[in-house]
Each structure stands twice: as structure tokens, then as C-alpha cells.
Engineer: 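Pasting a structure here, questions to come.
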Amino acid sequence: MSLLPKTFQDFTSKHYWNSFFSKRGEKAFEWYGEYTELCGLLHKYMRPTDAILVAGCGNSTLSADLYRVGYSQITSVDNSEVVIRQMRDKYKQQCPKMEWLKMDLSAMDFEDGSFSCVLDKAALDALMTDASLPVIEFIDKYLNLSLIVLGGQPLRGIRMLRPGALHRARWMAKIIYAIKIYLFRDPEQFRLTAGEKSGI
């Protein structure tokens, strides 16, 4: 039974993910590492008092692992209703305050400032399937909505550039992950200077 997608574009298909999680069942699928490998970095930038949005949670145990060590304000979202149902059932007793919501990352409907941290372990990497305009526009919506739910303002005038060779270098995932956590930690810190803007 192969769970691998036929094309990169399958990563953006809700049907693919529903099928993937139906076939995979209860067994967690961890992109780029488990909590034990990432906890040092996560605890450096996140506080137990943070309201955390876990974007594209899949069936990773990361949300529950964070909950178990004291991060109780966690909302985990995914576009697959199959995995959201599985995760709700699996953790309703162990993590009663944690929310699991079926939601499209480019159409999140949270109140402005609902979260103090957006944790994206692998959603952005999975969604950046090619350099087409629809993909770039989807990612742009997702990043802008992430800033809004953190209480920041969308980045007007900043545009997504087509990914180059480094995008496909998956070995860089951990450093990209660290940068994402740092950048989205506080929207007030995510400001570009005039020189940085002109270089985009």
C-alpha cells in the first residue's frame, strides 16, 4: 500500500490527505522530526502561556506532546476532515482543552490577535509544490492570515518570489523551521527595513 503522492500537486489536494490519513490510520506521520528532537528549539521561542495555532497539524503527536508539558492553549488545524476526526477522538480524554478544527490555511476565520504563536512544522513545505501563480497566491494568503491571527498587519507591497533550487533542498527544513518560529513569534518584530524591502 503506497501512501506516496503521484505528483507534487497531490500535496495540495484534500482528497489525497483524506486518503492518506484513512490508509495510515492511528500511526503518526512526523515530518522532519518528533517532539524530542525539536523541543529544545520550541521551548526557546514558545512559552506555556502562549495561545498556539498549529497549522497543518496532520496526525503528528506534536500538539499533544506540547500539551503534556504544559502548553494548554493549543488549536490544531488541518484541511483533512479525516485526520481532524481521528485526532479529536484520540486526544479528547488526554488533552481536553485542546481544539482540533478542519480549516483551510488560506481561509482561516479566527479573530485578529487570537494567537501569540503560529507553529508550522511542515505545512508550508508541503504546500509549496511548485512556482505557479496559484500556489504563490495560496501561500501569500496563508502567511498574511497567520500575521493577522497573531495581531499583526498583512504585508502590503511584499510579494512571494518563485522558489529556487534551495526550496527543494529538504535538508534545510530544520533551519527553515527555526526561522519561521522566530519570525512569527511576535508580529511587532517582523518588520522589514527600507533596504530589505528594496532587495525583495
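For the numbers below, each heavy atom of this structure counts, side chains included, while hydrogens, waters and symmetry mates do not. This chain uses plain numbering: 1 for the first residue, then up along the sequence.
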Engineer: Can you give me the closest heavy-atom contact between Pro96 and Gln93, atom names plus distance?
Structural biologist: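 It is CD-O, 3.6 Å.
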Engineer: What verdict does the side chain to side chain contact (heavy atoms under 4.5 Å, CB included) test give for Asp89 and Lys92, after you've listed the backbone C-alpha separation in whole Å, the side-chain angles of each residue and the deciding distance to 0.1 Å?
Structural biologist: CA-CA 6 Å; Asp89 292 345; Lys92 65 183 169 193; 4.2 Å; yes
Engineer: At what distance, to the nearest 0.5 angstrom, does OG of Ser63 lie from CE of Met87?
Structural biologist: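 Separation between the atoms: 6.5 Å.
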Engineer: Would you check if Ile84 and Ser76 make a side-chain contact, meaning some heavy-atom pair closer than 4.5 Å?
Structural biologist: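 They are not in contact (no side-chain heavy atoms under 4.5 Å apart), so the answer is no.
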Engineer: Could you walk me through whether Val149 and Asp112 pass the side chain to side chain contact (heavy atoms under 4.5 Å, CB included) test, one step at a time?
Structural biologist: CA-CA 5 Å; Val149 301; Asp112 294 5; over 6 Å; no
Engineer: Tell me yes or no: between the side chains of Asp65 and Tyr71, is some donor less than 3.5 Å from an acceptor?
Structural biologist: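 Note: Asp65 and Tyr71 side chains miss the donor-acceptor criterion.
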Engineer: Which pair of heavy atoms, one from Ala28 and one from Thr61, lies closest together, and at what distance?
Structural biologist: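 Looking at all heavy atoms of both residues, the closest pair is CB-CG2, 3.9 Å.
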Engineer: Out of curiosity, Glu34 CD to Cys39 SG, how far, rounded to the nearest 0.5 Å?
Structural biologist: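 One gets 11.5 Å once the value is rounded to the nearest 0.5 Å.
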Engineer: Using only atom types and a distance under 3.5 Å, with no angle test, would you say the side chain of Ser80 pairs donor to acceptor with the backbone of Val83?
Structural biologist: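 Such a contact is found between Ser80 side chain and Val83 backbone.
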Engineer: For Trp100 and Met98: C-alpha separation, side-chain torsions, deciding distance, then whether side chain to side chain contact (heavy atoms under 4.5 Å, CB included) applies.
Structural biologist: CA-CA 7 Å; Trp100 300 93; Met98 194 159 41; 3.4 Å; yes
Engineer: Would you give the length of the straight line joining atom CG of Leu145 to atom CZ of Phe110, rounded to the nearest 0.5 angstrom?
Structural biologist: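 Result: 10.5 Å between the selected atoms.
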Engineer: Assess the side chains of Asp104 and Ser106: does a donor N or O sit below 3.5 Å from an acceptor N or O?
Structural biologist: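 Yes.
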Engineer: Taking Cys57's backbone N and O only, do any of them form a donor-acceptor pair with Ser60's side chain (distance below 3.5 Å, no angle check)?
Structural biologist: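 Not confirmed, Ser60 side chain does not pair with Cys57 backbone.
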Engineer: Counting N and O atoms only, with roles assigned by atom type, does the side chain of Asp50 sit under 3.5 Å from a partner on the main chain of Met46, one being a donor and the other an acceptor?
Structural biologist: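 Not a single qualifying donor-acceptor pair exists.
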Engineer: Can you measure from CD1 (Ile52) to SG (Cys117) and round to the nearest 0.5 angstrom?
Structural biologist: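 If I round to the nearest 0.5 Å, the distance is 5.5 Å.
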Engineer: Got more than 12 heavy atoms from elsewhere within 6.0 Å of NZ, Lys141?
Structural biologist: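 Counting other residues, nucleotides and ligands, NZ of Lys141 stays at 12 neighbours or fewer.
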Engineer: Do you know which two heavy atoms are closest between Gly33 and Leu38, and how far apart they sit?
Structural biologist: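 Minimum heavy-atom separation between Gly33 and Leu38: O-CD1, 3.9 Å.
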Engineer: So how far is it from Arg85 CZ to Asp78 CG, rounded to the nearest 0.5 Å?
Structural biologist: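 Reported to 0.5 Å precision, the distance equals 12.5 Å.
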Engineer: For Tyr142 and Ala55, work out which heavy atoms get closest and say how close.
Structural biologist: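 That closest heavy-atom pairing would be OH-CB, 3.3 Å.
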Engineer: Taking all heavy atoms of Gly58 and all of Phe21, pick out the closest pair and write down the distance.
Structural biologist: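 For Gly58 and Phe21, the tightest heavy-atom pair comes out as CA-CZ, 3.6 Å.
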Engineer: Enter the distance from Leu66:CG to Leu119:CG here, rounded to the nearest 0.5 Å.
Structural biologist: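 The distance works out to 6.5 Å.
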Engineer: Counting N and O atoms only, with roles assigned by atom type, does the side chain of Asn59 sit under 3.5 Å from a partner on the main chain of Lys27, one being a donor and the other an acceptor?
Structural biologist: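 Yes, because the side chain of Asn59 sits within donor-acceptor range (under 3.5 Å) of the backbone of Lys27.
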Engineer: Below 30° counts as parallel, above 60° as perpendicular, anything between as tilted: where do the rings of His43 and Tyr35 land?
Structural biologist: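 Answer is perpendicular, since the angle exceeds 60°.
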Engineer: Is a donor on one side and an acceptor on the other found under 3.5 Å between the side chain of Tyr67 and the backbone of Gln73?
Structural biologist: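 Such a contact is absent between Tyr67 side chain and Gln73 backbone.
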Engineer: Under 4.0 Å between a side-chain nitrogen and a carboxylate oxygen: does that hold for Lys121 and Glu30?
Structural biologist: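 Salt bridge between Lys121 and Glu30, a charged N being under 4.0 Å from a carboxylate O: yes.
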Engineer: Is the CD atom of Gln94 crowded by more than 12 outside heavy atoms at less than 6.0 Å?
Structural biologist: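 Yes.
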Engineer: Taking side chain as C-beta onward, heavy atoms only, is Phe115 less than 4.5 Å from Thr75?
Structural biologist: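 The answer is yes, as the side chains (C-beta and beyond) meet within the 4.5 Å cut-off.
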Engineer: Can you name the closest pair of heavy atoms from Met108 and Met103 and give their distance?
Structural biologist: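 Result for this residue pair: CA-SD, 3.6 Å.
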Engineer: Applying side chain to side chain contact (heavy atoms under 4.5 Å, CB included) to Val77 and Glu99, what does each step give before you reach the verdict?
Structural biologist: CA-CA 8 Å; Val77 300; Glu99 287 190 82; over 6 Å; no
